[in-house]
Amino acid sequence: MTDSSIRVRFSPAPTGYLHVGSARSALFNWMYAQRTGGTMILRIEDTDADRSQPELIEAIHDNLGWLGITWDEEYRQSDRFDQYRAAAQDFLDRGLAYRCDCSQDDVKARAEARGDQGGYDGHCRDRNVEAGEGVVVRFRTPDDGITAYDDLIRGHVEFDNATLEDFVIVRSSGVPLFHVANAYDDLDMGITHVVRGEDLVNTVPRVLLLRQAMLGPDQQDTPNPVFAHLPLIVNEQRKKLSKRRDDVSVGDYADKGYLPGAMRNYLLTLGGGPRDGGEEIRPIDELVAQFDLNDINAAPAFFDIKKLDHFNAEYIRALPLDDFVAAATPFLDHPDVGDIDADLFGRMAGFVQERVRRLDESPTFLDWVVGDAREPSEKDWKKVMGNSEEKLATTARVLDLVIERIADCPWEPEALEAIVFGVGEELETKTQMPVRMALTGARSGIPLFEPMVELEREVVIQRLRDARAKL
RNA sequence: GCCCCCAUCGUUCAGUGGCCUAGGACACCUGCCUUUCACGCAGGCAACACGGGUUCGAAUCCCGUUGGGGGUGCCA
């Protein structure tokens with residue numbers, strides 16, 4: 001299904017860092033372009049001068065790049081205000097729009113007086129308001145009829161034109177608003193498929209009406225773009241993910257040590273699994289090959305960090321060791337653990353890779369090697385060292401023997417293992433756990449003997465003695 | 001209030017009239033492997049929101065109810 005005439009766009013407003021919901025929209029557009037051989041456009045919708053932050057555009061580039069999302073063309077709406085204004089002027093000239101000098105308070109007061117929460121009442125439709133201070137341009141919406149469209153994900157959707165108020169297309173500052181800019185650009189850029197979040201469904205009739213009005217007499221058969229509104233990604237409260245409430249900036253995930261491939265793969269499972277019924281965790285090209293906008297689920301999906309973590313762990317384990325080390329290197333300085341020596345980490349990396357779920361927790365597996373043993377909980381301590389006289393006595397003998405025998409043995413993993421296990425056989429008990437607890441302060445962790453030789457012999461003996469004394 | 005959308009295990013995806021005594025994955029629980037943990041393996045728990053139709057037959061089609069979400073800006 002290669003169709004190079006397909007043109008899709010991701011159009012973020014640079015009003016905050018890219019969050020996972022937007023990233024998902026970008027991803028689905030990109031997937032569709034990849035699948036069809038179409039063109040991917042990045043369009044920065046920065047018509048709101050008050051909220052747009054130009055410096056965020058670079059961050060959006062970075063985040064998209066991190067996810068492996070590429071684009072073929074890029075535009076900024078702030079470069080195109082003249083064109084939108086010309087379109088609005090044309091509407092004015094043709095009587096499709098009119099000027100309005102109602103203040104927002106007036107509009108609201110009249111709506112309340114009418115007893116509904118609805119918006120503008122068409123007060124200025126025939127007042128012939130002159131351009132000037134505090135004057136906006138409103139688009140005259142039809143009083144009757146319906147505006148309908150077919151959504152690839154939601155099916156046929158209809159809106160009663162009577163429910164559409166005359167909305168503002170040019171601010172009193174002279175700057176055009178979202179709807180015109182959007183309609184104009186989609187037409188001008190030849191966008192064939194509009195793939196975005198469900199929160200934009202309600203703007204479709206307005207944009208379609210505008211688009212229709214922009215078409216000249218000889219362009220009446222220009223098709224509308226095909227729409228596909230993606231289900232929202234929600235939090236545990238089933239509310240739309242918001243930058244304010246939820247910790248969802250793509251950059252934060254990168255900083256926490258999520259691999260872009262894992263994030264991308266996980267995002268793709270939300271709203272639709274693999275068509276062929278195969279594994280969820282797949283190489284991106286396999287996912288692209290079977291990508292179809294028609295297959296996307298219409299119901300909102302919860303962003304499940306636990307499942308993302310699982311994907312991430314799988315992706316981490318699948319990395320060649322060198323790649324894992326390279327990926328983990330930026331995370332070696334951990335707030336609780338301190339800075340881990342790169343060579344040491346290199347030696348221990350294989351053990352860490354098998355266990356870590358997020359790259360940023362890599363150093364925590366080595367905390368006892370670069371620093372002191374952890375302070376174990378009393379519960380863990382008793383569970384391992386014993387909570388009966390008899391068990392405690394056995395543990396004491398184990399530690400005594402190990403301390404004695406490692407005093408002058410070769411400082412190698414094999415030798416240490418032989419001693420610890422040898423004591424176990426003599427005493428007919430398992431010896432790894434008490435030694436592990438004494439050395440690390442934890443009940444679980446990476447294999448014991450290899451990291452053990454990274455410590456000084458005196459340090460090991462001291463920790464064993466401390467534990468012995470504490471029994 | 002008004003407009004739009006949604007509704008299968010805790011979560012997510014599969015299921016598009018009979019193959020469903022509803023399947024996979026994550027999570028959770030049990031066991032095996034392993035002198036730790038993790039991985040792996042074998043099991044287990046667990047869902048068609050409700051009520052009406054249509055049909056020989058409905059998770060699948062229709063209507064309603066309930067519940068949830070989105071929108072309702074001189075934001076996008």
Side-chain angles (χ1 to χ4, degrees), chain A residues 11-15 22 45-48 50-52 77 100 102-104 107-108 111 115-120 134-138 151 153-155 157-160 162-165 167-179 181-182 196-205 229 231-232 234 236-240 266 269-275 277-281 295 297-311 313-314 317 351-357 365 384 417 420-421 424-425 429-433 435-437 440 442-448:
Chain A
S11 27
T15 55
S22 311
E45 304 212 326
D46 55 352
T47 54
D48 185 344
D50 292 339
R51 297 201 313 152
S52 290
Q77 291 190 326
C100 165
C102 297
S103 72
Q104 294 182 68
V107 172
K108 199 195 253 175
D116 69 51
Q117 327 277 315
Y120 189 67
V135 174
V136 301
V137 178
R138 288 183 184 273
D151 194 300
I153 297 172
R154 266 145 241 284
V157 183
E158 293 190 347
F159 293 86
D160 197 336
T163 65
L164 264 28
E165 64 185 276
F167 55 94
V168 177
I169 56 176
V170 181
R171 296 173 168 88
S172 54
S173 66
V175 176
L177 242 17
F178 165 72
H179 297 288
N182 198 269
R196 31 120 85 154
E198 192 197 338
D199 49 343
L200 274 331
V201 190
N202 292 284
T203 70
V204 174
H229 286 92
L232 259 18
V234 299
E236 43 280 277
Q237 280 84 237
R238 299 250 123 214
K239 303 261 193 235
K240 178 170 86 159
Y266 174 66
T269 65
L270 259 26
R275 289 295 71 202
E279 296 291 316
E280 285 182 320
I281 296 182
D295 290 333
N297 224 310
F302 169 60
F303 188 76
D304 187 354
I305 298 278
K306 283 191 172 175
K307 188 147 184 176
L308 204 214
D309 282 350
H310 170 76
F311 274 47
E314 293 270 333
R317 281 194 294 273
F351 301 133
V352 175
Q353 183 182 15
E354 290 175 55
R355 293 164 177 79
V356 75
R357 295 170 79 80
F365 290 92
V384 173
E417 179 172 345
V420 172
F421 285 179
E425 275 170 40
T429 182
K430 291 187 177 176
T431 51
Q432 194 207 148
M433 283 305 279
V435 174
R436 173 180 291 279
M437 180 56 80
T440 74
R443 291 174 52 198
S444 62
I446 58 175
L448 200 52

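Just so it is clear, the model here is predicted, and its values are computed rather than measured. Below, read A as the first sequence line, B as the second, and so on, with proteins coming before strands; counting in each chain starts at 1.
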- Task: Using the P atom as the reference point in each nucleotide, state the distance between B:G52 and B:A59 in Å, no decimals.
- Result: 14 Å

- Expressed as a whole number of Å, how far does the P atom of B:C61 sit from that of B:A14? 14 Å

- Message: Heavy atoms from C-beta onward define the side chain here; which of B:G70, B:U12, B:A25 lies closest to that of A:Arg238?
- Response: B:U12

- Task: Whole angstrom is fine here: how far is it from CD1 in A:Ile153 over to P in B:C6?
- Result: 11 Å

- Message: Expressed as a whole number of angstroms, how long is the span from A:Asp151:CG to B:G70:C1'?
- Response: 13 Å

- Note on the structure: A:Met437 atom CE is separated from B:U35 atom P, nearest whole Å, by 20 Å

- Side-chain N or O of A:Gln104 less than 4.0 angstrom from OP1 or OP2 on B:C74? yes

- Item | Side chain of A:Arg355 - closest among B:U36, B:A27, B:A76 | B:U36

- Query: Looking only at atom C1', what distance separates B:A46 and B:C28, rounded to whole Å?
  - Reply: 10 Å

- Query: What nucleotide among B:U36, B:C39, B:A76 has an atom nearest to a side-chain atom of A:Arg171?
  - Reply: B:A76

- To the nearest 0.5 Å, atom CG of A:Leu177 lies from atom CZ of A:Phe167 at 9.5 Å

- Base, sugar-phosphate, or nothing for A:Val136, non-hydrogen atoms under 4.0 angstrom? base

- For B:A25, the nucleotide meeting Watson-Crick or G-U wobble distances (both under 3.5 Å) is B:U11

- Query: Checking all strands, does A:Ser172 fall into the base, sugar-phosphate, or nothing category for heavy-atom contacts under 4.0 angstrom?
  - Reply: base

- Query: Do side-chain atoms of A:Arg443 reach the backbone of A:Val384 as a donor and acceptor pair under 3.5 angstrom?
  - Reply: no

- Message: Suppose you measure atom C1' in B:A22 against the same atom in B:U36; what distance do you get, rounded to whole Å?
- Response: 40 Å

- Note on the structure: From the candidates B:A76, B:U12, B:G70, the one with an atom nearest any side-chain atom of A:Leu270 is B:U12

- Separation of B:G68 P from A:Lys240 NZ (nearest whole Å): 19 Å

- Specify the separation, in whole Å, of atom CG of A:Asp309 and atom P of B:A25. 19 Å

- Among B:C5, B:C13, B:C74, which is the nearest nucleotide to the side chain of A:Arg154? B:C5

- Task: Measure the CD1-NE2 distance between A:Ile169 and A:His179 for me, rounded to the nearest 0.5 Å.
- Result: 10.5 Å

- From the candidates B:C6, B:U36, B:C26, the one with an atom nearest any side-chain atom of A:Ala299 is B:C6

- Item | d(CD1, A:Ile169; C1', B:G73) in whole Å | 15 Å

- Among B:G71, B:C74, B:A25, find the nucleotide with the atom closest to the side chain of A:His310. B:A25

- Indicate, with a heavy-atom threshold strictly under 4.0 Å, whether A:Gln353 touches base, sugar-phosphate, or nothing. nothing

- Query: Who does B:G1 pair with, Watson-Crick or G-U, both distances under 3.5 Å?
  - Reply: B:U72

- Task: Could you work out the separation of B:G44 and B:C26 based on their C1' atoms and round it to a whole Å?
- Result: 16 Å

- Task: For nucleotides B:A27 and B:A38, find the distance between their P atoms and express it as a whole number of Å.
- Result: 11 Å

- Item | Among B:C26, B:G69, B:C37, the one nearest A:Ser444 by side-chain distance | B:C37

- Message: Roughly how many Å apart are B:A47 and B:U65, using the P atom of each and rounding to a whole number?
- Response: 28 Å

- Message: Is the phosphate of B:G69 approached by A:Lys239 (side-chain N or O, under 4.0 Å from OP1 or OP2)?
- Response: yes

- Task: Indicate, with a heavy-atom threshold strictly under 4.0 Å, whether A:Glu158 touches base, sugar-phosphate, or nothing.
- Result: sugar-phosphate

- Message: Here's one to test your reading of the geometry: is the NZ or CZ of A:Arg138 within 45 degrees of the ring axis of A:Tyr120 and under 6.0 Å from its centre?
- Response: yes

- When you check the phosphate oxygens OP1 and OP2 of B:A76, does a side-chain N or O of A:Asn202 lie under 4.0 Å from one of them? no

- Please measure how far the P atom in B:U60 lies from the corresponding atom in B:U21, and state the result in whole Å. 15 Å

- Query: Which part of the nucleic acid does A:Thr203 contact within heavy-atom distance under 4.0 Å: base, sugar-phosphate only, or nothing?
  - Reply: base

- Name the nucleic acid region contacted by A:Ile281, choosing base, sugar-phosphate or nothing; use a 4.0 angstrom heavy-atom cut-off, strictly under. nothing

- A:Lys307 has a side chain; which of B:U12, B:G71, B:C75 sits nearest to it? B:U12

- Candidates B:C6, B:C13, B:C5 - which lies nearest the side chain of A:Ala301: B:C13

- Message: Taking any heavy-atom pair under 4.0 Å as a contact, classify A:Arg196: base, sugar-phosphate, or nothing.
- Response: nothing

For residues 300-309 of chain A, please give each side-chain donor-acceptor pair under 3.5 Å, one per line with the distance, not counting sequence neighbours.
residue, atom, partner, partner atom, Å
A:Asp304, OD1, A:Lys306, N, 3.1
A:Lys307, NZ, A:Glu280, OE1, 3.0
A:Lys307, NZ, A:Glu280, OE2, 3.3
A:Asp309, OD1, A:Tyr258, OH, 2.6

- Message: Using Watson-Crick or G-U wobble geometry with both distances under 3.5 Å, which nucleotide pairs with B:C41?
- Response: B:G31

- A:Phe302 CZ - B:C26 C1' separation (whole Å): 11 Å

